Peer 1: 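Would you mind keeping the following structure in view while I ask a few things?
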Amino acid sequence: MIALRPPGRDGLGEASSFLRGVGGAESNVACALAAWGHRTRWIGRVGTDGFGTHVLDTLAAHGVDTSAARRDAHRPTGVYFRTSAERAAAQVAYYRAGSAASALSPDLLDRADAWSGRILHLSGVTAALSAGCLALLRDLTAPGPGRPAISFDVNYRPGLWHAAPEGPAVLLELARRSDIVFVGEDEAEAAWGLRGAAAIRAALPEPGVLVVKRAAREAIAYAPGGLVVAEPAPAVELVAPVGAGDAFAAGFLSATLRRLPFPARLRYGHLLAAAALTSPGDLPDPAPARAHADRLAALGPAAWGTLRLGPGWAEGPNAPEERTA
């Protein structure tokens, strides 16, 4: 979808102009993975309007395959507005009802396309858009021959479920059908009344890998064999909070595709999240070169624990806003 934000710190009611970008959980993950050299494909629907053209052109420019995307001549491309304030004060307004994406359903998507990769990444946002979208996610997460590993980011957005009180139960159902699950500790409490990572794992024993994000403090991975790994997040000078969760998922999945150990997977998630947090848009811009991320992810515990990242840090190892204290 199209993402529009004021160029400064104005609220939506005060802004007189907006900067255009592209947003959406799955497309954010695809772009970030492509930046680190992974082959990615985005499957979705946009309108035949100029916004739809911009979405597809932007994804292609980031190296994402859009050949399986479809255009809808009868519905517009979705749009959302948001400010750059910290999460507690951020203003977000969605205009996605009746959009091309909301018309997705099992009948309008080829399961073979969606199951063609090693990992299929899905989001709870999509499940909230329509009954057809929810049916599609249930179809894609159903067990069957050839199903890839399912990655699912819970992405609980109360505003999208205001007319559907069953939303939290739906998200729990989809998470239990997945292989890799990402959830924030705060959203698990808001959606399911669960407090603490251990309680979340107890409620979600099915996924082989469960990642619980504890805001700016740390992330915890529950892995097969009873393995539990925690990694602190580096200190970050916040520019905008939007897109950080998607970037974290991309970093973790990149390291998963490289078969790296779980502590490294969490660190790569933290690094891409930091790139998003220090960028004004929805995507890490720029994403750190993978070699640069490799160097930081390999830091010893003491150096990692004192890492400080500010705007511009992702531009390279000599950037002034990357430092240890």
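Note that the structure is a prediction, hence the values are computed from the model and not measured.
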Peer 1: Minimum heavy-atom separation for V79 to R96, with atom names?
Peer 2: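 The answer is O-CG, 4.2 Å.
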Peer 1: So R201 and P207, do their side chains get closer than 4.5 Å, heavy atoms only?
Peer 2: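 Side-chain contact under 4.5 Å: yes.
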Peer 1: Any side-chain heavy atom of R20 within less than 4.5 Å of one from L4?
Peer 2: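 Side chain of R20 against side chain of L4, heavy atoms only: contact under 4.5 Å found.
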Peer 1: Quick check for you: to the nearest 0.5 Å, what is the distance between L59 atom CG and N28 atom CG?
Peer 2: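 Reported value, rounded in 0.5 Å steps: 9.0 Å.
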Peer 1: According to side chain to side chain contact (heavy atoms under 4.5 Å, CB included), who are the partners of Y95, at least two apart in sequence or on a separate chain?
Peer 2: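 By the side chain to side chain contact (heavy atoms under 4.5 Å, CB included) rule, Y95 matches F81, A93.
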Peer 1: Using the side-chain hydrogen bond (donor to acceptor under 3.5 Å, both in side chains) criterion, which residues pair with R177? Sequence neighbours excluded.
Peer 2: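 Result, side-chain hydrogen bond (donor to acceptor under 3.5 Å, both in side chains) vs R177: T141.
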Peer 1: Going by ring pair (Phe, Tyr, Trp, His ring centres under 6.0 Å), name the pairs with one or both residues in residues 54-78, residues two or more places apart or in two chains.
Peer 2: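 Checked against ring pair (Phe, Tyr, Trp, His ring centres under 6.0 Å) - neighbours excluded - no pair reaches residues 54-78.
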Peer 1: How would you list, by chain and number, every residue that makes a ring pair (Phe, Tyr, Trp, His ring centres under 6.0 Å) with F152, sequence neighbours excluded?
Peer 2: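 Ring pair (Phe, Tyr, Trp, His ring centres under 6.0 Å) check on F152 returns nothing, list empty.
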Peer 1: I need the L283 CG to C31 SG distance, nearest 0.5 Å.
Peer 2: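 Between L283 CG and C31 SG, I get 5.0 Å after rounding to 0.5 Å.
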Peer 1: To which residues is L19 joined in a hydrophobic cluster, defined by side-chain heavy-atom contacts under 4.5 Å among Ile, Leu, Val, Met, Phe, Trp and Tyr, whether direct or through other members?
Peer 2: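 When side chains under 4.5 Å apart are linked, L19 ends up in no cluster with other residues.
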Peer 1: So, for P148 and W115, which heavy atoms are closest and what is the spacing to 0.1 Å?
Peer 2: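 Smallest heavy-atom distance, with atoms named: CD-CG, 3.4 Å.
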Peer 1: My understanding is that only residues two or more places apart in sequence, or in another chain, count here; which of them pass salt bridge (Lys or Arg N to Asp or Glu O under 4.0 Å) with D72?
Peer 2: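 D72 satisfies salt bridge (Lys or Arg N to Asp or Glu O under 4.0 Å) with R45, R75 once adjacent residues are dropped.
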Peer 1: In this structure, would L171 and L134 fall into the same cluster of hydrophobic residues linked by side-chain contacts under 4.5 Å?
Peer 2: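 Yes; L134 is reachable from L171 via cluster members.
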Peer 1: Output the distance between atom CD1 (I2) and atom OG1 (T58), rounded to the nearest 0.5 Å.
Peer 2: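 Reported value, rounded in 0.5 Å steps: 7.0 Å.
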Peer 1: Take E173 and E166, measure what side chain to side chain contact (heavy atoms under 4.5 Å, CB included) needs, and give me the verdict at the end.
Peer 2: CA-CA 11 Å; E173 171 202 340; E166 71 276 11; over 6 Å; no
Peer 1: Check for a donor-acceptor pair, side chain of R5 on one end and backbone N or O of T83 on the other, with a separation under 3.5 Å.
Peer 2: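 No, because the side chain of R5 does not come within donor-acceptor range (under 3.5 Å) of the backbone of T83.
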Peer 1: Run the side-chain donor-acceptor check on residues 216-223: report pairs under 3.5 Å with partners two or more places apart or on a different chain.
Peer 2:
{"from": "R217", "atom 1": "NH2", "to": "E185", "atom 2": "OE1", "distance (Å)": "3.1"}
{"from": "E218", "atom 1": "OE2", "to": "R214", "atom 2": "NH1", "distance (Å)": "2.7"}
{"from": "Y222", "atom 1": "OH", "to": "A198", "atom 2": "N", "distance (Å)": "3.4"}

Peer 1: Ring pair (Phe, Tyr, Trp, His ring centres under 6.0 Å) with Y80: which residues, sequence neighbours excluded?
Peer 2: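 If we apply the ring pair (Phe, Tyr, Trp, His ring centres under 6.0 Å) test to Y80, skipping adjacent residues, the hits are Y94.
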Peer 1: Could you go through L172 and L204, starting from their C-alpha distance and side-chain angles, then the distance that decides it, and tell me whether this counts as side chain to side chain contact (heavy atoms under 4.5 Å, CB included)?
Peer 2: CA-CA 8 Å; L172 190 62; L204 281 170; 3.8 Å; yes
Peer 1: Can you hop from V29 to L120 via hydrophobic side chains spaced under 4.5 Å?
Peer 2: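 Different clusters: V29 never reaches L120 through Ile, Leu, Val, Met, Phe, Trp or Tyr contacts under 4.5 Å.
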Peer 1: Surrounding CZ of R258 (heavy atoms of other residues, nucleotides or ligands, distance under 6.0 Å), is the total greater than 12?
Peer 2: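 Yes.
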Peer 1: Is any side-chain heavy atom of Y156 less than 4.5 Å from a side-chain heavy atom of V183?
Peer 2: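 The answer is no, as the side chains (C-beta and beyond) never meet within the 4.5 Å cut-off.
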Peer 1: Nearest heavy-atom pair of V209 and P224: which atoms, and what distance?
Peer 2: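 That would be CG2-CD, 4.1 Å.
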Peer 1: Once side-chain hydrogen bond (donor to acceptor under 3.5 Å, both in side chains) is applied, what residue pairs with a partner in residues 99-114 remain, sequence neighbours excluded?
Peer 2: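 Matches after skipping sequence neighbours: R111-D139.
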Peer 1: Give the intermediate values and the outcome of side chain to side chain contact (heavy atoms under 4.5 Å, CB included) for residues R70 and L108.
Peer 2: CA-CA 9 Å; R70 297 292 178 262; L108 295 178; over 6 Å; no
Peer 1: Could you report the tightest heavy-atom contact between I119 and S151, atom names first, then the distance?
Peer 2: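 The pair with the smallest heavy-atom distance is CG2-CB, 3.8 Å.
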Peer 1: What is the distance from atom CG of L137 to atom OG of S123, rounded to the nearest 0.5 Å?
Peer 2: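 Rounded to the nearest 0.5 Å, the CG-OG separation comes out at 8.0 Å.
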Peer 1: Are Y268 and L296 connected into the same hydrophobic cluster when the rule is that any two of I, L, V, M, F, W, Y join if their side-chain heavy atoms are below 4.5 Å apart?
Peer 2: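 No, separate clusters.
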Peer 1: Please report the closest heavy-atom contact between L33 and A250, naming both atoms and the distance.
Peer 2: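 Taking L33 first and A250 second, the nearest heavy atoms are CD2-O, 3.3 Å.
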Peer 1: Which atoms form the tightest heavy-atom contact between A273 and A244, and what is the distance?
Peer 2: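 Minimum heavy-atom contact is CB-O, 3.6 Å.
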Peer 1: Could you tell me the separation between the CG atom of L299 and the OG1 atom of T306, rounded to the nearest 0.5 Å?
Peer 2: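 The distance works out to 8.0 Å.
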Peer 1: In this structure, which one of V239, L272, L238 forms a side-chain contact (heavy atoms from CB on, under 4.5 Å) with L277?
Peer 2: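 Of all the options given, the one that passes is L238.
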Peer 1: Taking a hydrophobic cluster as the set of Ile, Leu, Val, Met, Phe, Trp and Tyr residues connected by side-chain heavy atoms closer than 4.5 Å, whether directly or through intermediates, do L129 and L174 fall within one such cluster?
Peer 2: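 Shared cluster, no.
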Peer 1: If a pair satisfies ring pair (Phe, Tyr, Trp, His ring centres under 6.0 Å) and one of its residues is in residues 163-206, list it, with sequence neighbours excluded.
Peer 2: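 For residues 163-206, and leaving out neighbouring residues, the ring pair (Phe, Tyr, Trp, His ring centres under 6.0 Å) pairs sorted by first residue read F182-F252.
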Peer 1: Hey, does F262 have a side-chain heavy atom less than 4.5 Å from the side chain of V211?
Peer 2: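 The answer is no; the side chains never approach within 4.5 Å.
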Peer 1: Can you name the residues that form a side-chain hydrogen bond (donor to acceptor under 3.5 Å, both in side chains) with T126, not counting sequence neighbours?
Peer 2: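 side-chain hydrogen bond (donor to acceptor under 3.5 Å, both in side chains) list for T126, sorted by chain: E26.
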Peer 1: List the steps and the verdict of side chain to side chain contact (heavy atoms under 4.5 Å, CB included) for V170 and R138.
Peer 2: CA-CA 10 Å; V170 166; R138 283 174 167 153; 4.2 Å; yes
Peer 1: A274: which residues meet the side chain to side chain contact (heavy atoms under 4.5 Å, CB included) condition with it, sequence neighbours left out?
Peer 2: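 Only V236, L309, W313 meet the side chain to side chain contact (heavy atoms under 4.5 Å, CB included) criterion with A274.
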Peer 1: Just so I know, are the side chains of R39 and L257 near enough to count as touching, which here means a heavy-atom distance under 4.5 Å?
Peer 2: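 The answer is no, as the side chains (C-beta and beyond) never meet within the 4.5 Å cut-off.
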Peer 1: Quick one: pull up SG in C133 and CG in L122 and give me the separation to the nearest 0.5 Å.
Peer 2: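 Reported to 0.5 Å precision, the distance equals 11.5 Å.
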Peer 1: Is F248 linked to L253 within one hydrophobic cluster, defined over Ile, Leu, Val, Met, Phe, Trp and Tyr using a side-chain heavy-atom separation of less than 4.5 Å?
Peer 2: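 F248 and L253: one cluster.
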